[in-house]
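Remarks on the structure that follows.
Labels below follow one simple rule: chain letters A, B, ... track the order of the sequence lines, proteins then strands, and each chain is numbered from 1.
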Protein chains: 4
Amino acid sequence: MIRFECDYNEGAHERILQRLMETNMEQTSGYGTDAHCERARTLIRQACGNEEADVHFLVGGTQTNTTVIASILRPHQGVIAAVSGHIAVHETGAIEATGHKVLTVPSPDGKITAAQVKAVYDAHVQESSPEHSVQPGMVYISQPTENGTMYSKAELEAIYEVSRACGLPFFIDGARLGYALASTECDMTLADVARLCDVFYIGGTKIGALMGEAVVILNDALKRDFRYIIKQKGGLLAKGRLLGIQFETLFEDGLYLEISKHAVDMAVKIHDTLEQHGVQFLYSSPTNQQFPILPDSLLEQLSNQYTFTFWEKVDASRSAVRFCTSWATRVENVDALTNDIIRLLHEKQTQDEIAANRIEVLV
Amino acid sequence: MIRFECDYNEGAHERILQRLMETNMEQTSGYGTDAHCERARTLIRQACGNEEADVHFLVGGTQTNTTVIASILRPHQGVIAAVSGHIAVHETGAIEATGHKVLTVPSPDGKITAAQVKAVYDAHVQESSPEHSVQPGMVYISQPTENGTMYSKAELEAIYEVSRACGLPFFIDGARLGYALASTECDMTLADVARLCDVFYIGGTKIGALMGEAVVILNDALKRDFRYIIKQKGGLLAKGRLLGIQFETLFEDGLYLEISKHAVDMAVKIHDTLEQHGVQFLYSSPTNQQFPILPDSLLEQLSNQYTFTFWEKVDASRSAVRFCTSWATRVENVDALTNDIIRLLHEKQTQDEIAANRIEVLV
Amino acid sequence: MIRFECDYNEGAHERILQRLMETNMEQTSGYGTDAHCERARTLIRQACGNEEADVHFLVGGTQTNTTVIASILRPHQGVIAAVSGHIAVHETGAIEATGHKVLTVPSPDGKITAAQVKAVYDAHVQESSPEHSVQPGMVYISQPTENGTMYSKAELEAIYEVSRACGLPFFIDGARLGYALASTECDMTLADVARLCDVFYIGGTKIGALMGEAVVILNDALKRDFRYIIKQKGGLLAKGRLLGIQFETLFEDGLYLEISKHAVDMAVKIHDTLEQHGVQFLYSSPTNQQFPILPDSLLEQLSNQYTFTFWEKVDASRSAVRFCTSWATRVENVDALTNDIIRLLHEKQTQDEIAANRIEVLV
Amino acid sequence: MIRFECDYNEGAHERILQRLMETNMEQTSGYGTDAHCERARTLIRQACGNEEADVHFLVGGTQTNTTVIASILRPHQGVIAAVSGHIAVHETGAIEATGHKVLTVPSPDGKITAAQVKAVYDAHVQESSPEHSVQPGMVYISQPTENGTMYSKAELEAIYEVSRACGLPFFIDGARLGYALASTECDMTLADVARLCDVFYIGGTKIGALMGEAVVILNDALKRDFRYIIKQKGGLLAKGRLLGIQFETLFEDGLYLEISKHAVDMAVKIHDTLEQHGVQFLYSSPTNQQFPILPDSLLEQLSNQYTFTFWEKVDASRSAVRFCTSWATRVENVDALTNDIIRLLHEKQTQDEIAANRIEVLV
């Protein structure tokens, strides 16, 4: 079985494992106070072009989203997000479990707009008794989105500007941030991201690390006591060095973007190959997730050899599915996948034609 | 600097790292549904002598305590624990953050008794309006305790019996469980632990793993939907295989107890050596944490070369400190530590005698 | 100013005030343990045709919804409700504040269907990894709804049947229950309501009482320790007798339905009078809330003498507004309101015709 | 049965009921936006000598404590309180239910000291890893305390000064505030209270009102969005006027202090009468709660005619009990109570002497 159903099917990049081996018997202090974490923080601050940023390392995405959001909101506030946002649908109510409503806005492709943020804010303050409903308290997006789509720099600037005008901290979930930054269609750098929000995180779990997410807090007002919240939410790893060593490796000579680029290249290869053979896509994704629309009959055959994610029915006979690539995806697996799809499409076409002819003959 | 301030100063046991290397490019499904996790679950069930147990892997101790407790209690219930229990003092209110009070009982040495559990329960049900106070909903202990002390089998049996009689699920925090089981004073096996509570966990972070805790649920009534709670609390590791591989390694041929025994041996060595030189101890600990009482002046000197934890002032000139050993502790470091302490004690004694003589002379 | 913007503009029915005066210096025990509460419970059980029901008195609607829902759900569960449900939009996230997501379903008129409940449940259990999303844990509706609409007995039966089949407790918010039961279109009794759900409440605040809601728990599994949850959520009134006395008065000789009927009669009068003059309505409401669609220009004039609630823009020149009647609404005020609306409509029509003619002339 | 077990055994002061009757059919807007609430706010601000104070009306004590505390603390913070504080023991974990730990300090008589607050604060900031434990976030006391004792002005000043120095908002629970202010031993006015804390509340439920507590927020930083929190916690009464009318009545010409004084007079009468007959008291209370120590045998007889609260066993044959007086306590009931106690004490003494003599004779 060849796996494309997610971007965390393998362990870690070999250089990370190598570094873990080399440092294994070093004795360090716990909870992220060691020299590896300190160096990783410095490297990330440099990459972000912000020497004042606070950098914290957590273990996973849901944990990170919960911790960041709980640290920002007062009890009566909620977080604005796309209806398809990870916090809205894939975290078993982790945000609600800390007492906060996710204020969802419609989104055809995973992205939200500055105008939507403004509209939610305006609608609330214009209520006759606003205290009867949840107050918008911050804005959440992911870059790239759950649908592989990507915000442009201008779009981020617009959301950030509106958010600031409304007094809403702007938080970017970067679980797959590298896969956006490495996209050929991307018009921003990590430093741009760091300039265009109040807090964001750089995902490691899906990009080369065993696990780990690096939260970068830009807004001074959000920095206070963040470690308390991490600890309370169960995210303060005893052997914090493990996260430090991994991010040190990812950020010391460009490994993070280098392996991100590989994933995107593999995704583009899938996309372009299939598109050349007439396959349509549900979303226009320039990142590591691709959502081709394929005949249901083909999917059954394909699933004997490949794993992928069913996304949604598109019409009576076709569905969109998701293929993820990652830093670990092998080109030979991509070739096998696309070849098999194309072959199955041809076979199906031939059968359909035969069937159509038979029907003609019968008629 | 030689470190004794905690039992998570190093990375992981080399066999674990080796196994992570070997399996690194295997493609597996996520969130603990892979074959390594499955095998680790089987090995743990066997070690527990309970084929029906549910086994789940989480990342850290605070996360595990929060998840287990939140999964059991109804909103108006609290958890009975020692006043010095980890959940009562070292988790930044993680239990309260899920809505529950920690109902503390006094404890001179970290342990609580069946009689205390019964007393809390009885006091509550005998209140004239019990609904005005938090209802005891479960019992929490750690084995060994935060003070290195250990419950006997008879003590566990008594607590479990009272807990069942009162309808209170009994949860054992085993963050350092191996260090109890490997103690020469221990009169129970892992299977005994599994027979004497409703749910417990086997700590990996402090015993050989990079990170990881294995929750073992014995009571059927507590099994339902536990994965939802893990996910909501941020504990469902995407690359769950990392935990499976580690526990597989720890439990496939006795590694867990073997390395636990090393830690205890090292601790006993510290204890016996110091005791032979007249050092007193704050707690009578047969496990990997030792709490000698030392002159404050000596501690300052000692801290130039060793890390350890200040525990509490004992009198005007002496304090108790904590030294932890672990699976990774080197015997030469233990020897260096005890030799240095003994040397410093002698030097101090000599100085004290000289000072005393001077005073005599002056008088 | 004559008020129609809500159904809690006055104090209490005079018989309630009278009874409060008569009993004022009686000495009773606190927190609802007094004889008045006991008698009120008995009367409500009788009216519900269920001697085994648990009856509890709380102060307000949001408090009651929060308390009931928090008492039922486990941490990973949410409550299914209409997107316009009171708990979804008018309670400042009170449900989320207890850790639970409101799982909203679309609703054009405030009602949801058994099919929608089934669909939410099925969609969840059919997910490949259901533990990544909130588990539906109960069903919430209000009877009548926020839009004045009403479920038929057959509709309630269908929802209750599906809910039981899915293991979802079914909760009916009856903040305005009397105004449904007293409607001429209503095909159910209070005993029917009590037979067709697991728990519901009978609203007093909006129907004759100073304040107060009576929760009726039918399902034995939901009865345990409910008073603890009331107390924790701040709803256990010290002078619980105040609620007992009020519900005693409302239920001892049919007062509750009698005054509810008056409110509905007044609402029907508004509806029929306006409809006869060509006014359209946003919802088809047979209860005490009416939602006529009126010209925006008229609303401004009307608001000089009457209060009402702006509901939504319907088109460029018209909006729907809400008029509420209650047990306290005076027929002369209803007549004044409808007369003024009709007069203003005529004046506007005349002006419009003149304007139209002018335009014709100009043309 | 004559009741002394609490201070909420009757309805409301007759002038309050009278005013509710007079205003009953007035039409007002909801949720505390009416003219009665506005006037009550003005009267309270005047009585507090602070024109800038925010005043909000809630229904009950637990609700008020929960709402105030939840509005102030960030997730990782707890509230310092006496171990016997109402929030620590009598609210079913309401504070924990909003995510916060109650950080209790020992107290022999219900009071805490500035030095204790300082010590908790210092101990926390001096921890080596403070983020592993709950951060003190505010200070809670009640004036008078649960034990009837009272803070002096100097004591309040000291706590407030320390609290400000530590950045901890200082909150005074005034559920029985009048009973402190009306005490002959009280050296402060309502304006002093308002000057010596950040937020407090004036209890109505126990002092003349049907129900109701008036929160007074002095510190500007705590004022923002408080109504949202009230609503979310279920405390925003639809017919808010009920609270406004009651506090208007209590504060328009000194009624609050006048009836408080009556309660204290009655309590002092109980105290002085019993003390003259040799009765000892558990606490030295100058307010409306008295805690005499009486023979257990006597208590049984007394309970046939009077209700009171068992407090604690004092020795093998005696217990402390609590008698509460209130605005509604009748002097003839106080006389009956004290006469009966004195008679029973004499009877017991006589019997004891006879028994002693018998034993002498027998010897």
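- Residue A/Ile95: no heavy atom, backbone or side chain, is found under 4.5 Å from chain B.
- In this structure, the side chains of B/Leu210 and A/Leu210 come closer than 4.5 Å at one or more pairs of heavy atoms.
- The two atoms that bring A/Thr205 and B/Ala238 nearest to each other are CG2-CB, 3.8 Å, heavy atoms only.
- Both the backbone and the side chain of A/Gln27 have a heavy atom closer than 4.5 Å to some heavy atom of chain B.
- Taking chain A as the reference chain and counting heavy-atom pairs below 4.5 Å, the highest number among B/Gly93, B/Gly99, B/Gly60, B/Ala328 is found for B/Gly93.
- B/Tyr31 touches chain A through its side chain: at least one heavy atom from C-beta onward sits under 4.5 Å away, while N, CA, C and O do not.
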List the steps, then state whether side chain to side chain contact (heavy atoms under 4.5 Å, CB included) holds for A/Met21 with B/Glu14.
CA-CA 8 Å; A/Met21 293 287 274; B/Glu14 60 179 2; over 6 Å; no
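- In terms of non-hydrogen atom pairs under 4.5 Å with chain A, the most contact-rich of B/Cys6, B/Ala12, B/Gly61 is B/Ala12.
- Residue contact with chain B, scored on non-hydrogen atoms closer than 4.5 Å, is absent for A/Ala175.
- Using non-hydrogen atoms only and a strict 4.5 Å limit, the part of residues 230-237 of chain B facing chain A consists of B/Lys231, B/Gln232, B/Lys233, B/Gly234, B/Leu237.
- Put simply, of A/Thr307, A/Leu242, A/Thr23, the one with the most heavy-atom pairs under 4.5 Å next to chain B is A/Leu242.
- You'll find the side chain of B/Asn9 stays beyond 4.5 Å of the side chain of A/Thr28, heavy atoms only.
- Both the backbone and the side chain of B/Ile2 come within contact range of chain A, each with at least one heavy atom under 4.5 Å from a heavy atom of that chain.
- When atom types are taken as modelled, the side chain of A/Lys239 and the backbone of B/Tyr8 share no donor-acceptor pair closer than 3.5 angstrom.
- Atom CD1 of B/Ile16 is separated from atom CG of A/Leu20 by 12.5 Å, given to the nearest 0.5 angstrom.
- Closest approach of A/Glu10 to B/Arg241, counting heavy atoms only: CA-NH1, 3.5 Å.
- Contact annotation for A/Arg3: both backbone and side-chain heavy atoms come within less than 4.5 Å of a heavy atom of chain B.
- Interface residue A/Ser29: backbone and side-chain heavy atoms are both found under 4.5 Å from chain B.
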